[in-house]
Structures are given as structure tokens and as C-alpha cells.
Amino acid sequence: MVFIRRRQMLAGLGTGLLFSAQVRALRAATPRNLDEKPKFDISPFQLGVASGDPAPDGFVIWTRLAPRPLELEGGMNRNRPVLVDWEVAEDEKLGHVVRKGQALAHPELAHSVHVEVAGLRPDRPYWYRFRIAGYDSPVGGSHTFPLPGASPARVRFVAAGCQHYEEGYYTAWRNIANEPIDFVFHYGDYIYEGPDSKGRVHDMNGRPFQALRRHAGPECYSLDEYRRRYAQYKTDPDLQAAHAAVPWIVTADDHEVDNNWAGDTDQDGTPPEIFRLRRQAAMQAYYEHMPLRLSALPDGSHMQLYRSLRYGTLMNTFVLDTRQYRSDQVYGDGVAAQGPDVWSPNRTMMGAAQEQWLFDGLGRSDTRWNLLAHQVMMMNLAHRHAPQGELLYSMDQWSGYMYSRRRLLEFIGAQCPGNVVNVTGDAHRHFAGDLLTDPARKTPVSVEFLATSVTSGADGVGDDDSFSRSVRRENPHLKATTDQRGYVLCDVGPDVWRADLKVLDKVMERDGRLSTYASFAVERGQPGLQKA
């Protein structure tokens, strides 16, 4: 996204003559096809606002102009670049504006706006909005992070994801909007790429149920189809409220592109060069709809998503990407026994460059805690279909990439024992447990909190189904699991990390009741979960 400082430049020049270099800069920054007098008969801010990737001096603020979100080009009939005003203030009523400017909304990026606001004070709240053609966006709230050397007393955040539009109301997001937290980590599956289900869907165990809402359109392959899917999801008022409440740190998983994709491989056997075209469209649409920095702008079918963010001396967050660089899944990409292929050093979950980046970052980290924020389960969970059947593992999780898993856990055990916590998702259940390098070593080197889905799987069946019983029986390092919808709330202090597994009693009806299924704590230097 190109950012425009035309207004600030003009204001700073007063009534004097413009220098030729400044005139050239203004001309270069303004496209020849700029729509200088955009007109709308309805607010173009139908998709709300968002902020993300906070730093001590600022954050990204986002919106997308789409007066009629499900129409082609979002209903932007004059499909040309337009200038959008933005402002950031120290109060919710925006009476004390501290930063303002203009940004170009390009049709090439679906008229999305990504402004990297800088020059703000650390560790304090801010509010922001956009304006165009007499229309104001909703007001969003954000928060800067503390300075690197500051010592905050705590940080609170929520981990959530897997929000299938057809399978429930976004009650979890409404509750998250009301939580007193510093940020949201969205682990992925922001959209689901599949076609309109015609009202017929199935949960993770194959049980059929009636879809609550229906996708608009077929399975997503083209850029227009992915754009429409994001627009449909973002019209939800509960999701908009959570975006407007606090900054988000986001990463993508599989359904932003295609179920269980891996590197250049999809689940259908599409030639890699063809699949990369789909991936390119999907990643562009993802960037267009997320509060991401310019560094994440896709380059063809590649998108830079792994990155780190520091919260004073309290916590380093390492956001991982376990889709773009992984090897293809083995043994049919389902559940299977762990044959020799899962241990092969020729197969990778993160790729060599990302792994080295992570090891270097963890090795240098001097914060009290290190958060590994990623997509899929790291616990090596076994279950059986029958009491005497063979032990089965997911080939899409780290249990299908045991060489990569062991390298990472051995590094954590040797270099930063007792201060690494993994927060993941994708499995549509809550899981909490210890991370062992291998079953023979009983001492954990880290812990994991896997956040259940926001809606995917509908209301769920609780914690006494056959899978729950089997997985508890076979895995003593697993401390809790339940098939309900919700999110994980983490409250991190210098010495204790607490996590609450939040659940809703229903999502197929509105106003489901929120409760805490279980709470755990881990003490710094003592890896291993304790009931809180």
C-alpha cells in the first residue's frame, strides 16, 4: 500500500512557494486516474475497521471501502483510486488528534487501506477513524506496546480462530470485544474457502447438522471469489466489534487458501504451478482484509507472515508460518500410525530459513517469556479408533513432522527451558498439555494451549465423547480437552502464565452462555501445567 502525506506536506509549507522537489513528490504520489470527487449513496465502511501488529510507537490501522460488500469490486462503481482521510487520537471521542493524514485506496487492492501509524507514545491506548466523501468510519481502539526495556506488570491476550460462517454465530467475538485485553492472536482459518453448503454440513466426527448461515458463491479459486468471502465474513457485527476493540496479530492457516494445503501442494493433486495461481489470489485477498504491514504484501504466491513482536521485558511473540514452507503430508494426509516418513530429516514443518530465524530469535531473547504463536497442534497426541487398535496420529499436525518437532523442542530445552509457551489452534477443540521431546522423557520442556474454534463444529458435544476418552487415556501429558466453542484467555505476569479455556454452551443460537472450562498456570522456569 502506498501512503500519502500530501496534507501534512501542504500544511507545513504555509503560504510560501513549493520547492520543485516537493512538487514532483506530490505529483508522483497522486495517480493520474485518481477519483478526486468520490460519491457514495451509502457508507463505504460496511466492513468496519481494524488495527494490528502493534509496536511501541504505533500500529497498523485498516479499512476497506465496500459500500455493497458482496457485489463485484465491493460496489465501488467508479473503480479508481481514492484518497481516504485518517486520524488517530488520545481519546475515544477523537477530540485530541495526534496523527492524521491521507492514504490511497487502490482498486488493485480492493480499495483497502493499510496505514502504518508511527510517532505515538508507548504503552497507551489510542483511537482512530477514517473519513471519505462525508462519511465517517466506526471508531476503533488500539494500543501501543511498551518500550523494549520497560517492565510491564502483565499482558493479557486472547487466542482464537476457526470461524466457519455457516456453523454458528460469532458470540465468542462479541465476548472477546468486551474482554480487558491488550491484543488478539488469530491463529488462522479466518474464512473457509468451500462452497455454499446448501444447508448441509458435518462436524469433525462426521455428524451432520443444518447450516446456520450459508456461504455466498462457489468454492473460492479466483481473487474476486476470495474477496467476496472475506467481505461476507466481515459484515458480521460481532467480528467487527472484536476488530475495533484491540489490535490483532494474525497469521493464516489452511482454509484461507485450501483445506490442508502444504507448500506448493493442495489436497486435490493440482499441478504446483497451477495451485500457486490460486494461492496467489488467496494471499492477496488475505492481505487486503487484514491489518498487516507493507512487509506482508504478497510477492506472487509468497507472503511474509513469520515475524516477532516484543512486549517490553515481559514477552517476545514469535508468529510462525507452518503452511508455506512445509513438506507435503504423508500417509494420505489423515490420521495414521507414525511410520518412518514422519521422522525423515528430508521433511520440514517450517523450512530451513524460518527455523533458523526462530532459533536465532529464541537464542537472543532476554524477555521473561517467549510465546510461539502458530497454527497447528504441537502435542504428539495419539488415539485409537478401537480399544485394541493401533495408535493413530494426525499427519497435518506436528505429529506428522516429528523430525522438525524434535529439533525445535530440543533447542527449547537446551537454550530457553521454562519460559516458552505455545499457543495454537486448528483442531476445533480445546487442548492443554505438556510438551515432551519424546515419551521416554517424562520432564516437559514447554507447554501448549490449543484454542478451540469460534464456530467450526457448531455447538459440539462436550468432553465425554469417544475421541476425548481415547485421547485422555493414551496421553498422560494431556491435561484437558473438550469439544466446545470458545477461545483461550492468557494472563501473563513476570513469573506465572495463566490460561483460561473459555467455552460457550451454544453457538447455533444467539447469546450463548460463556464460562471457563478449565484454568491452568505455568511457573517460569518450571515447564509443566498446573491446575489454577
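To the nearest 0.5 angstrom, Ile176 atom CD1 is 9.0 Å from Leu489 atom CG. Atom CG of Leu65 is separated from atom OG of Ser137 by 10.0 Å, given to the nearest 0.5 angstrom. The structure places CG of Leu239 at 6.0 Å from NZ of Lys234, a figure rounded to the nearest 0.5 Å. The CG atom of Leu70 lies 6.5 Å from the OG1 atom of Thr235; values are rounded to the nearest 0.5 Å. From Ser404, atom OG reaches atom CE of Met350 across 6.5 Å, with rounding to the nearest 0.5 Å. Between the CG atom of Asn316 and the CG atom of Leu371 there is a distance of 9.5 Å, given to the nearest 0.5 Å.
Taking the charged nitrogens against the carboxylate oxygens, Glu355 and Arg407 do have a contact shorter than 4.0 Å, which makes a salt bridge. Arg293 and Glu116 are joined by a salt bridge, as a carboxylate oxygen and a charged side-chain nitrogen come within less than 4.0 angstrom of each other. A salt bridge links Arg278 with Glu219: the distance from a Lys NZ or Arg NE/NH1/NH2 to an Asp or Glu carboxylate oxygen falls below 4.0 Å. With salt bridges taken as basic N to acidic carboxylate O contacts below 4.0 Å, one links Asp53 and Arg307. With respect to the salt-bridge test (charged N to carboxylate O, under 4.0 angstrom), the residues Arg174 and Asp236 do not qualify. With respect to Asp258 and Arg279, no salt bridge is recorded, no charged nitrogen being found less than 4.0 Å from a carboxylate O. Using a 4.0 Å cut-off between charged side-chain N and carboxylate O, Arg323 and Asp396 make a salt bridge. Taking the charged nitrogens against the carboxylate oxygens, Arg485 and Asp459 have no contact shorter than 4.0 Å, which rules out a salt bridge.
A donor-acceptor pair is defined here as one N or O able to donate and one able to accept, closer than 3.5 Å; no such pair exists between the side chain of Arg80 and the backbone of Pro38. Between the side chain of Asp321 and the backbone N or O of Gln324, at least one donor-acceptor pair lies under 3.5 Å. In this structure, the side chain of Asp333 does not engage the main chain of Gln329 through any donor-acceptor pair within 3.5 Å. Judged by distance alone, with hydrogens and angles left aside, the side-chain atoms of Asp254 form no donor-acceptor pair with the main-chain N or O of Val257 at under 3.5 Å. Of the possible donor and acceptor atoms, one in the side chain of Glu166 sits under 3.5 Å from a partner among the backbone N and O of Ser197. A side-chain donor-acceptor contact under 3.5 Å links Gln240 to the backbone of Gln46. Of the possible polar contacts, one joining the Glu256 side chain to the Asp189 backbone as a donor-acceptor pair under 3.5 Å is found. At least one donor-acceptor pair under 3.5 Å links the side chain of Thr63 to the backbone N or O of Gly48. A side-chain donor-acceptor contact under 3.5 Å links Glu193 to the backbone of Asn259.
Between Ala262 and Ser327, the closest heavy-atom pair is CB-O, 3.7 Å. The heavy-atom pair separating Asn475 from Ala382 by the smallest distance is ND2-O, 2.7 Å. Counting all heavy atoms, side chain and backbone alike, Trp62 lies closest to Leu47 at CZ3-O, 3.9 Å.
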- Task: Just do the side chain to side chain contact (heavy atoms under 4.5 Å, CB included) check on Gln415 and Leu362 with the steps written out, would you?
- Result: CA-CA 8 Å; Gln415 300 296 324; Leu362 285 173; over 6 Å; no
- Please walk me through it: do Phe431 and Phe449 pass side chain to side chain contact (heavy atoms under 4.5 Å, CB included)? CA-CA 6 Å; Phe431 292 92; Phe449 300 106; over 6 Å; no
- Item | Glu288/Arg227 under salt bridge (charged side-chain N to carboxylate O under 4.0 Å, His left out): CA gap, chis, key distance, verdict | CA-CA 8 Å; Glu288 291 171 349; Arg227 284 173 170 170; 2.7 Å; yes
- Task: Could you walk me through whether Glu73 and Arg68 pass the salt bridge (charged side-chain N to carboxylate O under 4.0 Å, His left out) test, one step at a time?
- Result: CA-CA 9 Å; Glu73 312 299 348; Arg68 292 176 176 80; over 6 Å; no
- Message: Pair Gln375, Thr322 - check side chain to side chain donor-acceptor pair (under 3.5 Å), show working.
- Response: CA-CA 7 Å; Gln375 294 87 353; Thr322 59; 2.7 Å; yes
- Task: Step by step, work out the side chain to side chain donor-acceptor pair (under 3.5 Å) result for Ser468 and Asp465.
- Result: CA-CA 5 Å; Ser468 295; Asp465 61 310; 2.5 Å; yes
- Message: Pair Asp196, Arg213 - check salt bridge (charged side-chain N to carboxylate O under 4.0 Å, His left out), show working.
- Response: CA-CA 9 Å; Asp196 170 16; Arg213 305 184 282 192; over 6 Å; no
- Message: Determine whether Trp343 and Gln338 satisfy the following criterion, side chain to side chain donor-acceptor pair (under 3.5 Å), listing intermediate values before the conclusion.
- Response: CA-CA 8 Å; Trp343 296 96; Gln338 287 180 321; 4.9 Å; no
- For Thr437 and Val445, what are the C-alpha separation, side-chain angles and deciding distance, and is it a side chain to side chain contact (heavy atoms under 4.5 Å, CB included)? CA-CA 7 Å; Thr437 307; Val445 298; 3.9 Å; yes
- Message: Let's go through His289 and Arg64 carefully: what are the C-alpha distance in whole Å and the side-chain angles of both, what is the deciding distance for side chain to side chain donor-acceptor pair (under 3.5 Å) to 0.1 Å, and is it a yes or a no?
- Response: CA-CA 7 Å; His289 292 87; Arg64 179 192 166 196; 2.9 Å; yes
- Message: side chain to side chain contact (heavy atoms under 4.5 Å, CB included) for Arg326 and Thr348? Distances and angles first, verdict last.
- Response: CA-CA 5 Å; Arg326 69 156 74 186; Thr348 179; 5.7 Å; no
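Aromatic rings from Phe145 and Tyr311 are positioned such that their centres are separated by under 6.0 Å.
More than 12 heavy atoms of other residues, nucleotides or ligands sit less than 6.0 Å from atom CG of Asp360.
Aromatic ring orientation, His243 versus Trp248: parallel (interplanar angle below 30°, classes split at 30° and 60°). Between Trp398 and His374, the two ring planes are perpendicular [angle over 60°; tilted spans 30° to 60°]. Taking the six-membered ring for Trp and thresholds of 30 and 60 degrees, Tyr190 and His186 have ring planes inclined between 30 and 60 degrees apart.
Cation-pi check for Lys502 over Trp173 is not met; the charged atom does not lie both under 6.0 angstrom from the ring centroid and within 45 degrees of its normal. Both the sub-6.0 Å distance and the 45° axial angle are satisfied by Arg347 relative to the ring of Tyr401.
Tyr233 meets the ring-ring contact (aromatic ring centres under 6.0 Å, His included) test with Tyr165, His215; sequence neighbours excluded. Tyr221 meets the ring-ring contact (aromatic ring centres under 6.0 Å, His included) test with no other residue; sequence neighbours excluded.
Here the options are Tyr192, Tyr226, Tyr187, the test is ring-ring contact (aromatic ring centres under 6.0 Å, His included), and the partner is His255; only Tyr192 passes. Checking Thr424, Asp253, Asn260 one by one against Val376, the side chain to side chain contact (heavy atoms under 4.5 Å, CB included) holds for a single residue, Asp253.
Inspection of the Ser365 and Asn370 side chains reveals an N or O donor paired with an N or O acceptor under 3.5 Å.
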